[in-house]
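These notes concern the structure reproduced below.
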Number of protein chains: 2
Amino acid sequence: MGAIAAQAVTRSVEDYLKAIYRLSTAGQPATTSAIAGLLELSPPSVTGMVKRLSEQGLLAHEPYRGVALTAAGRRLALRTVRRHRLVESYLVAYLGYSWDTVHDEAERLEHAISDELAERMAAALGNPGVDPHGDPIPTADGDIAEVTGVPLSDVPEGVAVEVRRVDEHDAERLRYLASLGLVPGALVTVTGREPFGGPVMLRTPAGTHALGPSLAGDILCGRPAE
Amino acid sequence: MGAIAAQAVTRSVEDYLKAIYRLSTAGQPATTSAIAGLLELSPPSVTGMVKRLSEQGLLAHEPYRGVALTAAGRRLALRTVRRHRLVESYLVAYLGYSWDTVHDEAERLEHAISDELAERMAAALGNPGVDPHGDPIPTADGDIAEVTGVPLSDVPEGVAVEVRRVDEHDAERLRYLASLGLVPGALVTVTGREPFGGPVMLRTPAGTHALGPSLAGDILCGRPAE
DNA sequence: ATCCGGATTTAGGGTATCCGAATTTTGCTG
DNA sequence: CAGCAAAATTCGGATACCCTAAATCCGGAT
Ligand SMILES: [Mn+2]
Ligand SMILES: [Mn+2]
Ligand SMILES: [Mn+2]
Ligand SMILES: [Mn+2]
């Protein structure tokens, strides 16, 4: 109550809310500089927008400390996340996109599609639970599944695990990972590790490979389904 | 040459160019107030934008007279028109939209899709020549077919003609026309006319109907294909 | 307790887009 | 050709975002 006008939620606003959601979900504090880093904006721009969004009741801002989404902010963030992941899924399923090229397209379309279109795409896809990168798709009601698992960098040797989610947006890295067979659903076994920041040795359906530790940290694995 | 920065063509700019293209194509002068009317903006806003677009070389502006697209402006306008009509066609063909509901969605998506996505949609559709309303879809090179034909309001009595294009965006009117069977490709015969602004009497596959003269003017007809 | 460096915010500006009110121009019209 | 009304433009102002430079704050280290 109180809040009269839902007014225009602009593209900028949606991207800010999504970035803050992402940071919070990753367990990181949503600081001014973290948000600025994600959105590639200057810190003063973020301070200004944060102030506006707080006044609109979408954020709780503790000056000099950081921000958190309010319930209303979280709802809007999840709406945008849902659209983003549905668009990615649709483009891969029906329009010949691959997982390394969908992100930029979705980054724009997430702000342009109507609820109607989002739900039609979801229906065409059979209401998928995850997107091409293994990220869970929030429901239209704003529920979202937890992502659980262990980073490939921490998976014990000799255990066959399944790739659950690849937390990476860079197209080149995604193509590289796909070339190693490291895509959601694939089975992987860590066969060894080199010390001092060395690579993870692993076996996938695509063969045996050595993977740098930072990329390995972006790959979340879990027990193979059934 | 000369023009260095193509810079960001914003949504507003694309909509202005499209409106001016529409007026010019319809043979109407692209005056300040006509543009303002189409875009639902105030005349001073249009004057300001027209000035900016002229400086960018997209329009030729004769103060107090009107504007015309330059070659560059026309190219951008046709690009947006292509996207609009491809989006409409795609949504109808693949996502269960009907011709009365696609316009608003396309009005936003036309600004958000990449060239890549536009061409993938075109390919999925088999590179269609017209959209669901019978409007010709410009090619990626910026060629566009002429629309020829006679308004249903001027079709002589007793001649079977084919509906070519329905120049109408209002959802209710489009649903009404569809209910009378007046959609692109349908065969129609004018069976009579009432004078003094009275209706056109006509026969379609959906039966016999009386149609108001203003709607009849929005329906372009031609000789049935072979 | 004080200092310092990094993070954050404030100050001051800039662009794009829109508006209403006031003014100017134009194309009649008598 | 003076007078007028409609159309177009100019003027002044607002909002949303974004930036750089200059304070200011904060938490840890002396
Ligand atoms: Mn985005
Ligand atoms: Mn994704
Ligand atoms: Mn538009
Ligand atoms: Mn159309």
Side-chain angles (χ1 to χ4, degrees), chain A residues 3-20 23-24 28-68 73 76-77 80 107-108 110-112, chain B residues 3-20 23-24 28-68 73 76-77 80 107-108 110-112:
Chain A
I4 305 294
Q7 56 208 47
V9 178
T10 66
R11 176 182 172 157
S12 283
V13 168
E14 288 181 339
D15 280 336
Y16 271 92
L17 295 175
K18 201 156 58 90
I20 293 162
L23 289 167
S24 308
Q28 295 166 50
T31 62
T32 298
S33 50
I35 298 166
L38 271 187
L39 298 177
E40 302 185 86
L41 298 173
S42 70
S45 299
V46 173
T47 299
M49 178 65 99
V50 158
K51 192 172 302 181
R52 251 172 291 145
L53 296 182
S54 297
E55 281 159 12
Q56 289 178 47
L58 299 173
L59 296 180
H61 182 208
E62 292 244 28
Y64 290 101
R65 286 299 159 72
V67 299
L76 279 174
T80 307
E107 200 56 56
R108 276 173 289 107
E110 66 191 356
H111 313 292
Chain B
I4 306 294
Q7 56 208 44
V9 177
T10 66
R11 176 181 173 159
S12 283
V13 168
E14 289 181 339
D15 280 336
Y16 271 92
L17 295 176
K18 201 157 55 92
I20 293 162
L23 289 167
S24 308
Q28 295 166 50
T31 62
T32 297
S33 50
I35 299 166
L38 270 186
L39 297 177
E40 300 185 87
L41 297 172
S42 71
S45 299
V46 173
T47 298
M49 178 65 99
V50 158
K51 191 171 303 177
R52 252 172 291 145
L53 296 183
S54 297
E55 282 158 12
Q56 289 177 46
L58 299 173
L59 295 181
H61 183 207
E62 292 244 29
Y64 290 100
R65 286 300 159 73
V67 298
L76 278 175
T80 307
E107 200 56 57
R108 277 172 286 108
E110 65 191 356
H111 313 292

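Everything numeric in this text was worked out from a predicted model, so none of it was measured. Residue numbering restarts at 1 for every chain, and letters A, B, ... go by the order of the sequence lines. Just so you know, these numbers use all the heavy atoms, side chains as well, and skip hydrogens, waters and symmetry mates.
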Protein N or O to nucleotides 1-6 of chain C N or O, pairs below 3.5 Å:
none

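Leu38(B) is linked by a side chain to side chain contact (heavy atoms under 4.5 Å, CB included) to Ala19(B), Arg22(B), Leu23(B), counting only residues two or more places apart in sequence or in another chain. The side chain to side chain contact (heavy atoms under 4.5 Å, CB included) test applied to Thr10(A) returns Ser12(A), Val13(A), not counting sequence neighbours. Partners of Arg65(A) under the salt bridge (Lys or Arg N to Asp or Glu O under 4.0 Å) rule, at least two apart in sequence or in another chain, do not exist in this structure. For Pro44(A), the side chain to side chain contact (heavy atoms under 4.5 Å, CB included) partners at least two apart in sequence or on another chain are Ser42(A). In this structure, the side chain to side chain contact (heavy atoms under 4.5 Å, CB included) partners of Ser54(A), at least two apart in sequence or on a different chain, are Val50(A), Leu59(A), His61(A). Partners of Glu14(B) by salt bridge (Lys or Arg N to Asp or Glu O under 4.0 Å), not counting sequence neighbours: none found. In terms of the salt bridge (Lys or Arg N to Asp or Glu O under 4.0 Å) criterion, residue partners of Arg11(A) (sequence neighbours excluded) are, by chain and number, Asp15(A).
As rounded to whole Å, 13 Å separates atom C1' of dA16(D) from atom CD of Glu55(A). The distance between atom CG of Asp15(A) and atom P of dA16(D), rounded to the nearest whole Å, is 17 Å. Between Leu41(B) atom CG and dT17(C) atom P the separation is 11 Å, expressed in whole Å.
As judged by a 4.0 angstrom heavy-atom cut-off over every strand, Ser12(A) is placed among residues touching the sugar-phosphate backbone only.
Side chain of Ser24(A) to backbone of Ile20(A): a donor-acceptor contact under 3.5 angstrom is found.
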Treating primed atoms plus P, OP1 and OP2 as sugar-phosphate and everything else as base, which nucleotides of nucleotides 2-14 of chain D get B, S or - for protein heavy atoms under 4.0 Å?
------SBB----
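Proximity of Ser45(A) to the phosphate of dC19(D): a side-chain N or O atom is located under 4.0 Å from OP1 or OP2.
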